Novice: 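Please read through the structure below; I'll follow up with questions.
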Protein chains: 2
Amino acid sequence: MEWAYNVYEDRCPTRMVLDRLADKWAVLILDRLRGAPVRFNHIRRDIKGISQKVLSQTLKRLERDGLISRAVFPTVPVTVEYALTPLGRTLTDTVSALAHWAECNMDAVLAAQEAYDAAVERR
Amino acid sequence: MEWAYNVYEDRCPTRMVLDRLADKWAVLILDRLRGAPVRFNHIRRDIKGISQKVLSQTLKRLERDGLISRAVFPTVPVTVEYALTPLGRTLTDTVSALAHWAECNMDAVLAAQEAYDAAVERR
DNA sequence: CTGTATCCTGCCTGATACTG
DNA sequence: CAGTATCAGGCAGGATACAG
């Protein structure tokens, strides 16, 4: 499969979309939402190291991009559930493949880094 | 396919790897290198908008991660060719799938953005 | 041609505090 | 619980100049 001609162009819409996807937190969040809807602080607890601010920002961006939905329940205090939209669901396999690759090839990458650093050291 | 338990942990090696892949320029470069080896300035010209510095940094990181190789030819002036390593080649399909998704669903995302912005406007 | 070095600016982020 | 507002600091990234 080939990309369309304009992926390499600056500011083409495809690049904009790619920009969103090429984000660590977005990838983790999209994967986290693969199952049932999840609440804000639940995601926050699950994805270690993400700040409230960044989580909020990323969720908003993903919602704006139509990848996730936001449902507010008028409980006290309020409950908000995030879930994948149908569009977002078409992306999960791809995104998970990326993360899966990271899992599987982590060792190879770490070994390569050590070899590289050792080679630099010797110079 | 499920991720290993620790993807959600902070500073796990998998996250480190994911960090590298979740980079716009890295994705574009890896895709650009799918064919024959390419020289530095050739990549620079092809990928619009990338600066010399960022290209240099990203290439070095990808080389350190064992994803691409760097071959120096003692011509005058010197010629340097970058190519995918076997390890890097195992990643191209995944990375290209991501970019392909961006191409195919660009319109849906843009439409979602417009709808979102219009909804915000109305408030 | 293929980079590195330096400076400088702007944005991103964390920290903190506050609101509905 | 689910955010927003504000501020300060750091670091990524552009511009420019220079080197091998």
Side-chain angles (χ1 to χ4, degrees), chain A residues 10-11 15-16 18-29 32-33 36-65 68-83 116-117 119-121 123, chain B residues 10-11 15-16 18-29 32-33 36-65 68-83 116-117 119-121 123:
Chain A
D10 206 3
R11 300 200 181 158
R15 273 247 193 124
M16 286 177 44
L18 188 58
D19 247 348
R20 309 311 178 85
L21 303 183
D23 175 74
K24 180 176 72 167
W25 299 123
V27 169
L28 290 169
I29 291 172
R32 182 61 192 79
L33 293 181
V38 192
R39 288 185 305 168
F40 186 87
N41 276 334
H42 199 142
I43 303 176
R44 181 155 152 62
R45 272 192 304 275
D46 283 355
I47 301 183
K48 315 288 192 228
I50 193 170
S51 72
Q52 191 177 36
K53 185 181 180 180
V54 170
L55 176 57
S56 176
Q57 285 173 347
T58 308
L59 286 172
K60 200 181 293 183
R61 213 165 48 221
L62 290 174
E63 188 198 356
R64 179 168 182 266
D65 290 345
I68 66 176
S69 61
R70 181 175 178 276
V72 183
F73 300 95
T75 53
V76 180
V78 68
T79 301
V80 179
E81 281 188 353
Y82 290 92
Y116 182 94
D117 293 344
V120 170
E121 196 77 15
R123 255 182 276 141
Chain B
D10 208 2
R11 301 201 181 156
R15 272 246 195 125
M16 285 177 45
L18 189 58
D19 248 350
R20 311 310 178 85
L21 303 184
D23 175 74
K24 180 177 72 168
W25 299 122
V27 169
L28 289 170
I29 290 172
R32 183 59 192 81
L33 294 181
V38 191
R39 287 186 305 169
F40 186 87
N41 276 336
H42 199 143
I43 303 176
R44 180 154 154 61
R45 272 192 305 273
D46 282 355
I47 302 183
K48 314 290 191 228
I50 193 169
S51 73
Q52 191 177 34
K53 184 182 182 181
V54 170
L55 176 57
S56 176
Q57 285 173 346
T58 308
L59 286 171
K60 201 181 292 181
R61 213 166 48 222
L62 291 173
E63 188 197 356
R64 179 169 181 265
D65 291 345
I68 66 175
S69 62
R70 181 174 178 277
V72 183
F73 299 95
T75 51
V76 178
V78 67
T79 301
V80 179
E81 281 188 353
Y82 291 92
Y116 182 94
D117 293 345
V120 170
E121 196 76 15
R123 253 184 275 143

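Fair warning: this is a prediction, and the values are worked out from it, not measured in the lab. Chain A is the first sequence line, chain B the second, and so forth, proteins listed ahead of strands; every chain is numbered from 1.
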Novice: Whole Å only: how far is the CZ atom of A:Arg61 from the P atom of C:dT13?
Specialist: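 Going from A:Arg61 (CZ) to C:dT13 (P), I get 8 Å.
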Novice: Could you walk me through whether B:Leu59 and B:Phe40 pass side chain to side chain contact (heavy atoms under 4.5 Å, CB included), step by step?
Specialist: CA-CA 9 Å; B:Leu59 286 171; B:Phe40 186 87; 3.7 Å; yes
Novice: How does each nucleotide of nucleotides 15-20 of chain C score, in 5' to 3' order, for protein heavy atoms under 4.0 Å: base (B), sugar-phosphate only (S), or none (-)?
Specialist: B----B
Novice: Round to the nearest Å and state the distance from A:Ile50 atom CD1 to D:dA2 atom P.
Specialist: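 Rounding to the nearest Å, CD1 of A:Ile50 and P of D:dA2 are 14 Å apart.
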Novice: Using whole Å, report how far CZ of B:Arg44 lies from C1' of C:dT2.
Specialist: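 B:Arg44 atom CZ is separated from C:dT2 atom C1' by 11 Å.
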Novice: Is the phosphate of D:dG3 approached by A:Tyr82 (side-chain N or O, under 4.0 Å from OP1 or OP2)?
Specialist: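 For A:Tyr82, the contact criterion (side-chain N or O under 4.0 Å from OP1 or OP2 of D:dG3) is met.
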Novice: Which of these nucleotides, D:dG13, D:dG3, D:dA2, is closest to any side-chain atom of B:Gln57?
Specialist: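 For the B:Gln57 side chain, the nearest candidate turns out to be D:dG13.
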Novice: Quick one, B:Arg39 and B:Phe73 - any side-chain contact, counting heavy atoms below 4.5 Å?
Specialist: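 No - every pair of side-chain heavy atoms lies 4.5 Å or more apart.
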Novice: Roughly how many Å is it from CG in A:Leu55 to C1' in D:dT4, rounded to a whole number?
Specialist: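 It is 14 Å, rounded to the nearest whole Å.
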Novice: Rounded to the nearest Å, what distance is computed from the CD atom of residue A:Glu81 to the C1' atom of nucleotide D:dC1?
Specialist: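 Answer to the nearest Å: 13 Å.
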Novice: Here's a test of your reading of the structure: between B:Arg39 and A:Trp25, which maps to the more 5' nucleotide of DNA chain C?
Specialist: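 Per heavy-atom nearest nucleotide, the more 5' residue is B:Arg39.
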Novice: Does B:Arg70 have a side-chain nitrogen or oxygen under 4.0 Å from the phosphate oxygens OP1 or OP2 of C:dT2?
Specialist: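 Answer is no, no contact under 4.0 Å.
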Novice: Rounded to the nearest angstrom, tell me the gap between atom CD1 in A:Ile43 and atom P in D:dC1.
Specialist: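 Atom CD1 in A:Ile43 sits about 14 Å away from atom P in D:dC1.
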Novice: Check every strand shown and say whether B:Phe73 touches a base, only sugar-phosphate, or nothing at a heavy-atom separation below 4.0 Å.
Specialist: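 Since no nucleic acid heavy atom lies under 4.0 Å of B:Phe73, the category is nothing.
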Novice: Counting only side-chain heavy atoms from C-beta out, which of D:dG3, C:dT2, D:dG14 sits nearest to B:Val54?
Specialist: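 For the B:Val54 side chain, the nearest candidate turns out to be D:dG14.
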Novice: So, is B:Ser56 close to the C:dT4 phosphate, meaning a side-chain N or O under 4.0 Å from OP1 or OP2?
Specialist: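 So the side chain of B:Ser56 is within the cut-off, an N or O lying under 4.0 Å from OP1 or OP2 of C:dT4.
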Novice: Could you tell me how far apart B:Arg20 (CZ) and D:dA12 (P) are, to the nearest whole angstrom?
Specialist: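 About 12 Å, once rounded to whole Å.
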Novice: Round to a whole Å and report the spacing from CG of A:Asn41 to C1' of D:dA2.
Specialist: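 Between C1' of D:dA2 and CG of A:Asn41: 7 Å.
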Novice: Considering only heavy atoms from C-beta outward, does the side chain of A:Met16 approach that of A:Asp65 to under 4.5 Å?
Specialist: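 Result no, sub-4.5 Å side-chain heavy-atom pair not found.
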